[in-house]
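Written out below as structure tokens is the structure these notes cover.
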Amino acid sequence: MKSKKITKEGYLKEFCLDLRLRKRKAVYIRSDIHERMEHVAHSLKGYNISLSALVTMILVRHINAYWPIHDQLAEEATKTLATPQAGKAKGDRVISTGKKGGSDGK
């Protein structure tokens, strides 16, 4: 994925807000991603950015940018799950993992 050109000032305005997070919930991410994000947040400590605030701002930007696509995909998935596949009884639906070899990924 190609990243947009952004100035240092734009980056700080977009991602380095001193957020006071309330009503928080845990989200599990891979440890290598956590370490990398922790490094980024630590390197920006002079801007009073926490790891939680940085991750929140990245997610907010992603959600705002891609929400229309998410809605389309969700609508398509709902239609797919609600429509019986050809040759199958109504209660006998097959859900694919998207991997080669069928629903079990083999």
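Side chains included, hydrogens not; waters and symmetry mates left out as well; all remaining heavy atoms used.
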Flag yes if Val60 and Leu51 sit in one hydrophobic cluster, no otherwise; membership is Ile, Leu, Val, Met, Phe, Trp, Tyr, and two members link when side-chain heavy atoms are under 4.5 Å apart. no

Could you measure the distance from the NE2 atom of His42 to the CD1 atom of Ile49? Nearest 0.5 Å is fine. 14.0 Å

Which value, rounded to the nearest 0.5 Å, describes the distance between Leu44 atom CG and His39 atom NE2? 9.0 Å

Measure across Leu54 and Met37 and return the closest heavy-atom pair with its distance rounded to 0.1 Å. CD2-CE, 3.6 Å

Give the minimum heavy-atom separation between Ser43 and Val40, together with the two atoms involved. OG-O, 2.7 Å

Testing the basics here: between Ser50 and Ala41, what is the closest heavy-atom pair and its distance to 0.1 Å? C-CB, 4.1 Å

Note, Ile63 side chain near His70 side chain (heavy atom, < 4.5 Å): no

Quick one: list whatever passes side chain to side chain donor-acceptor pair (under 3.5 Å) with Asp71, sequence neighbours left out. Trp67

